[in-house]
Amino acid sequence: MSVDSSDGPLAAVRRPFEGPNTMGNSPAFWLGLAVAVAVLAAMPVLFGLYAAEVGAVFLAYALLGMSLAFIWGYCGILSFGQVAFFGVAGYAFGIVAINVATLTGLTVALIASIAVSTVFAAALGYFMFYGGVRDVYVTILTLVVALVLYTFMGQTAGGEWAVGDARLGGFNGMSGVPDLAVGVGSTGVEIGLLGHYYVTLGALVATYLGLRALVNSQFGYAMVATREDEDRTAMFGYDTTFIKLVVFTIGGAIAGLGGVLFTTQNNYVDPSVFGITAAALPVVWASVGGRTSLLGTVGAALAIQFVDYRLALSGSEWALVLIGSLLVIVVLLMPEGVAPRLHEYVLEYREDADPSPVPREPPAATEEVSD
Amino acid sequence: MAGAGLLNFGFEFVEIFAFIVLATVGLAVIFGMMGIINLAHGEFILVGAYATTFAFAAGAPLPLAMLTGVVLTAVYGLVLERLIIRHLYGRLLDSMVVTWGISLVMIQLTRIVFGNTAPGIGIPFGQLPIVDGPVYYLVLAVVAVGVLGGLYALFMWTDFGIRARATMQDEATARSMGVDTDRMYMSTFAVGSGLAGLAGALYAPVMTITPEYGTGFLIEAFVAVVVGGASVLVGTVLASGLLGTVNAAVTNVAGTFMGQVAMLIAAIVAIRLMPDGITGLLADWRENRGEGQ
Amino acid sequence: MATSDPSVKTTPAVDETGADSSRILQTRGLRKEFGGLTATDAVDFTLEEGELRCLIGPNGAGKSTFLNLLTGQLAPTAGEIYYDGADITGLPSHERVGRGISMKFQVPSVYEGLTVAQNLRIPLQQVVEPDAFDARTREILERFDLLEQWGTVAGELSHGQQQRLEIGMAMAMEPKLMLLDEPVAGLSIEETADIAELLREIADDDGVALIVIEHDIDFVETIADRVTVLDGGSIFREGPIEEIKADPEVKRIYLGEDH
Amino acid sequence: MLELTDLHTSYGKTPILRGVDVGVDEGEIVGIMGKNGVGKTTLVKAVMGLLEVDEGRIRFDGADVTDEPADVRARRGIGYIPQGRDVFPELTVEENLRMGETINEGDDRLQYEAVYDYFPILEERRDQEAGTMSGGQRQMLAIGRALVGNPELLLLDEPSEGVQPSIVQDVTRDLKRVNEELGTTILFVEQNLHVVQHLAERCYAIDKGTIVDELEGDRLESREAVTEYLAV
Amino acid sequence: MFVTERSLTRRSVLAAGSAGSLAATAGCVGEGAVLGMGDGGTNPTAAVLEDRSGTFALTGTAKYRTTLLAIEEINRDGGFLGEELEVFAPDPQSDNMRYQDLARHAIYQEDADVLWAGYSSATREAIRPLINEHEQLYFYTTQYEGGVCDKTVFPLGATARQQLGAVVPHMIETYGDEIYTVAADYNFGQLSGDWVKIIAEEHGAEVVGEEYIPLEESQFGSTINNIQSAEPDFVMSMLVGQDHSAFYEQRLASGLTDIPVGTSTNMAQEREHLRIDPPALEDVYAGVNYMEELPTDRNEVFVERYYERWDDAEYINQEAQNNYFSVYLYKEAVERAGTFEQSAVIEALESGLEVEAPEGEIRLDPETHHVEHTMRVAHADENHDISFDEPRTIEPVFLQEAGCDLTSEAEQTQYEPEAFYEEA
């Protein structure tokens with residue numbers, strides 16, 4: 001909103017990232033976010049390479065979750081097949097990278113794989129939205145697309161299913177996917193274990209800030225308006241079908257980015273990324289964390305995967321029971337998710353703390369903390 | 001040879017059609033009548049299968065064992081509806097998320113309680129001449145048609161059916177006509193659950209029963225419900241017919257795998273061409289013909 | 001002018017070019033059928049720039065259908081719509097809006113989940129630069145007496161406030177033609193008077209042409225330049241309010257008098 | 001028979017009814033007239049139990065029914081005819097009528113065939129889907145459907161809405177006949193002058209969520225007195 | 001479920017502590033590198049990643065249990081080099097992503113000296129990049145398609161060549177030379193199908209029909225029709241998993257039991273002959289290196305000890321036996337090496353070790369890291385009673401022919417038959 005000089009020069013920097021479409025627009029919030037990022041950045045230093053390796057996988061999941069929160073929470077499109085873009089990008093990277101494992105080749109692979117997932121999302125989005133597919137039918141259609149990929153990739157074991165040197169590998173998956181690298185010719189960097197963690201963290205933070213800026217931009221308002229009431233928004237001169245297509249495509253690109261980072265971390269990708277369990281995970285994160293909160297979904301993705309991981313380490317057979325119950329309880333008690341609920345508490349607390357509130361007075365930007 | 005080939009195709013179609021119909025009806029009733037997408041549908045089927053197989057192992061004759069499966073699943077559905085599902089009416093997407101959670105819990109609890117396998121039931125009735133398939137498949141097909149007929153009778157001819165349809169069309173008015181709509185939802189959900197249990201019971205002899213048994217039904221069921229659209233019976237029949245034909249035809253020519261892929265792709269195309277399902281298309285068509293208001 | 005004798009059923013002479021510059025809106029032979037039912041039939045309608053026209057008629061006379069045809073939410077079965085000198089019959093809704101047609105729905109349909117300021121931002125960013133958002137928002141909210149509610153979630157506003165917000169949102173598009181469907185339904189007497197004054201202002205000061213569907217004849221009397229009576233999907237009468245009120249036929253079909 | 005005291009309801013935070021007091025005696029035909037959006041439909045829905053009441057009580061046949069759900073009130077003998085075209089569109093005419101049986105499972109219910117006596121057109125169309133009939137026919141169906149339960153009190157929400165004037169007259173006549181022959185008490189809300197003047201024995205005027213007047217006899221017959229409260 | 005007292009001790013306390021504090025950050029602080037994650041040093045650790053839930057729990061549970069049994073036995077009898085081997089044994093839930101996480105944890109946090117992990121080839125391939133990167137000693141014990149030639153991996157299960165090499169010739173000899181292959185539609189099944197063709201060719205027989213079935217398919221109507229119209233002398237079944245076991249019930253119901261079935265996958269792994277009512281598996285012949293029913297004294301002792309330790313156990317499958325003997329193989333190697341240091345242990349394993357397994361004498365082939373198994377053909381009669389023919393030793397010849405020699409060259413490849421046999 002308006003540049004309010006009271007926060008000094010930092011306010012101008014913050015400005016593009018703030019607005020009523022995101023929770024957390026106060027200095028306190030940004031400070032908290034900076035601390036959280038710093039803590040994440042310190043993980044490998046504190047806990048060694050292990051934390052970097054495991055953490056990078058979780059962060060790649062978080063990107064996947066964020067892509068869904070973006071399209072579902074901000075534009076009302078629930079894609080149950082977000083993993084399709086995640087997996088397709090992973091496979092695409094593998095195919096290009098295995099064939100040309102040079103610095104240039106790997107750079108091309110990175111770009112190509114994200115391009116493939118983007119184009120795939122755009123094509124699917126065009127197919128759906130311009131065909132009048134809406135609501136729950138979008139959800140099921142995207143799920144079916146993921147399942148088709150699952151079924152199809154599962155039987156590509158034979159040698160005839162190869163692109164150049166890259167074997168698709170059927171259920172055994174595609175192994176030998178090289179690490180990430182960026183460069184041209186002989187100049188560039190190969191990104192090692194530790195580097196990969198920071199690249200993933202950087203990608204996550206950059207995507208988050210990028211999406212924040214986007215949802216607080218004019219386009220962001222158009223998205224939110226489309227989510228709230230598509231017909232009405234068309235009456236204000238917006239081409240809502242196109243808006244949905246763009247949002248869906250961006251979501252596919254982000255999921256694809258997550259998929260590349262995931263695949264290069266594991267040096268491996270297999271059809272289970274398209275399976276129904278994998279497909280449900282982003283929906284779970286967004287539901288629990290709060291789909292209208294990008295950070296809430298990221299937090300939920302990290303927390304749920306971490307708890308799940310700890311439960312698996314403990315060898316407990318109750319892990320899935322716990323996760324499932326958690327999901328049921330959260331959705332029943334907090335339909336909007338954890339982060340928006342916390343946000344409300346924070347607002348209430350602040351109002352209580354300030355006995356003479358001038359409630360949300362124009363036009364000074366609302367000060368609130370959350371996430 | 002052509003005759004035998006045609007016969008084989010026919011038999012295969014019957015088999016797949018029956019499977020899709022039985023896998024779908026329970027889900028279709030719950031989705032079509034109540035607007036709940038039940039991702040735990042497969043696990044309702046699982047309840048039916050486990051109840052059947054354990055009742056059978058305990059010495060009950062097969063028909064009685066199957067009946068046990070149906071009844072227990074209906075009761076189970078009733079309990080779940082009261083505890084959880086009733087909070088989700090009008091929250092379509094939430095209902096998907098919550099029922100997926102339920103499905104996770106049920107699969108794992110089944111595993112913890114019953115282990116990874118359950119006792120098997122042999123396929124009854126022996127084999128058919130000429131096409132050499134089990135007679136039981138024809139029985140399944142007959143039951144599938146019977147279920148459709150029964151549902152038709154239930155919803156079209158009985159007071160319960162009229163009230164259920166009225167509730168679905170206009171809850172407030174139905175309530176003002178003295179219908180206890182809460183109870184309608186409850187019993188409709190129980191009927192849907194019972195039908196899921198029936199699928200589980202009927203396929204208990206054919207498919208190996210494991211905690212993941214239900215997932216084997218899920219995809220066909222979903223795809224058929226969505227392709228079929230909101231009208232439960234017509235939608236189920238048409239979608240099962242369409243998908244069954246595609247699957248059987250392609251399987252016959254290019255193998256099981258291609259059959260499955262072809263069916264899923266047919267579903268994608270169908271949803272794209274008919275965003276409100278087959279019955280949505282029918283309704284439009286009828287309206288265009290000037291029968292609508 | 002459309003007609004000189006308002007007591008006679010009018011079929012305005014159709015301009016051959018279809019584009020008289022003083023006419024903001026003109027329809028020719030507009031018809032809409034649903035299934036077998038004709039909701040709007042052969043409507044020839046003209047509206048001058050800056051005119052405030054009220055549309056009255058019994059329930060089912062085709063008023064809402066007519067409005068929906070104008071906004072593009074419905075496609076006509078036959079006939080043309082000219083707006084500001086151009087044929088817009090085939091244009092999709094959002095493009096008509098872009099040309100300056102703005103609509104307020106019958107049921108207040110603000111974005112209930114968004115704040116008042118956010119609500120306004122959605123139309124505003126279609127027409128003004130980001131720098132001007134705050135100033136324009138403040139201006140509109142002041143005019144519609146909603147400044148206090150700047151940060152209030154629209155779903156929490158009173159009925160009357162929602163109506164005002166919605167008219168404000170329509171005005172934010174800087175329209176040349178505004179269509180309103182029952183803007184005072186359910187409002188208190190004071191609120192109704194406020195809206196009446198606002199609409200007059202919009203017509204007189206902003207030069208926006210308005211078409212208002214309204215049942216409340218008192219309200220119609222306060223605001224309308226002219227009145228069009230629809231019945232059975234066609235234009236039944238057109239003229240100044242006094243003449244319409246005095247017309248025995250209008251009394252018969254609309255006042256529900258004995259016959 | 002029916003007594004509403006100080007009834008308040010709201011939509012979200014917006015008050016709709018702001019203290020309504022209405023009484024109806026057995027066998028009476030009472031109208032409530034008012035313009036669009038003054039709370040008429042809300043009032044009927046509140047009596048039927050389809051809306052929550054913020055404040056005030058509803059008594060029917062001596063019992064306080066304020067907190068009872070609609071289906072229980074229906075079985076107590078309140079019949080409801082929703083606004084305009086609210087029949088079950090995908091049920092046939094006969095199925096719609098049979099829905100009436102659920103209201104009243106006792107012996108005193110009407111056989112749905114008896115309704116055909118009042119509305120012969122319905123018999124002709126018994127197997128047609130209700131959604132495909134004209135507004136007037138649907139209005140008759142809605143009335144017939146409520147009659148099957150043989151209610152003590154019939155609530156009507158704007159029976160004239162979306163109906164041709166000639167049909168409005170028919171409906172008015174039929175309702176009077178029902179009242180006379182079956183002894184059904186009738187409470188209706190309306191903004192149509194004809195219905196108000198020809199059907200009601202007594203009429204309340206409602207505006208801005210409160211009862212502002214009560215008309216009977218001469219005043220009810222006077223056009224001026226009545227139009228004061230109506231939209232036109 | 002905490003698996004043993006031993007594994008319960010330290011780790012479960014840690015796990016409980018950190019799972020309690022759900023916050024992601026708080027959880028990690030318990031066991032960091034800088035913050036003194038004190039796992040290195042003390043006792044040697046084995047990581048046992050076997051499924052106790054999910055699709056592969058049916059076989060994984062027994063694999064897990066026999067591994068524990070062997071380790072406990074050795075620990076009791078003086079240990080590995082005099083030390084007790086600790087066990088890290090979470091449940092990977094048949095989920096490949098989870099396997100990757102857990103393998104990482106085993107390597108980094110548990111400093112695992114040796115790893116047993118996974119049932120399916122897909123699982124093995126999912127963790128092999130990690131194994132290779134960290135040069136982790138890894139025992140993969142499932143019977144599999146064969147061809148893995150990898151310096152730190154020891155695929156000890158019988159290969160398709162070994163299992164099919166036992167059963168296919170036997171079937172051709174007994175029933176005739178027309179074969180119909182039905183196999184699971186994924187890597188293992190497709191390669192096994194290739195092997196059937198190769199072995200058939202070697203024995204002058206012919207594959208008259210082939211069909212690959214998606215893993216989740218449980219309807220075999222069209223397959224059975226096709227078999228019936230092809231009229232083969234016998235069927236070779238490489239069906240896998242519980243959905244596929246419905247094939248046998250449908251085989252019975254369709255009257256296909258008059259055509260015998262040879263298999264490399266059924267009975268010995270998922271005990272179809274016990275799970276499915278007779279006579280659905282009548283005249284099914286399995287090429288196996290082990291089945292619980294094996295009537296040898298050595299095996300009977302093993303079976304008895306197993307059920308004593310796990311009184312609710314259901315069956316010892318072939319792979320579970322492989323896990324069991326491989327623990328003893330590991331002990332031998334550690335003792336020969338005199339250290340737990342992995343490269344030294346691998347070197348010791350490559351010195352031509354032999355151990356007494358329940359199936360009989362087995363020898364580890366140094367060049368290929370595979371095992372010379374004692375193979376048998378197991379036959380199920382109409383009551384599903386099992387009988388065995390004469391045992392024979394089959395070497396892992398394929399990799400030898402392919403030129404895999406890990407003692408001289410540290411490869412990380414998987415060879416496939418199609419590169420070497422034109423029949424494939």
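In what follows, chains are A, B, ... by sequence order, proteins preceding strands, each numbered from 1. All values below were derived from every heavy atom in this structure, side-chain atoms included, with hydrogens, water molecules and symmetry-related copies excluded.
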Under 4.5 Å heavy-atom distance to chain B, tell me which part of [X] shows up: side chain, backbone, both or neither.
{"X": "E:Ala57", "result": "both"}
{"X": "E:Arg251", "result": "neither"}
{"X": "E:Glu270", "result": "neither"}
{"X": "E:Leu58", "result": "both"}
{"X": "E:Glu249", "result": "both"}

- Task: Please look at B:Phe19 and chain E and tell me whether the side chain, the backbone, both or neither of the residue comes under 4.5 angstrom of a heavy atom of that chain.
- Result: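 It is the side chain, since no backbone atom gets that close.
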- Task: Using heavy atoms and a sub-4.5 Å threshold, report which of residues 57-68 of chain B line up against chain E, by residue number.
- Result: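 At a heavy-atom separation under 4.5 Å, chain E is reached by no residue of residues 57-68 of chain B.
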- Item | Top contributor to chain E interface from B:Glu15, B:Met207, B:Gln260, B:Arg111 [non-hydrogen pairs under 4.5 Å] |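 Looking at each of B:Glu15, B:Met207, B:Gln260, B:Arg111 in turn, B:Arg111 comes out on top.
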- Message: Once rounded to the nearest 0.5 Å, what's the spacing between atom CG of E:Asp243 and atom OG1 of B:Thr215?
- Response: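 With rounding to 0.5 Å, CG (E:Asp243) is 7.0 Å from OG1 (B:Thr215).
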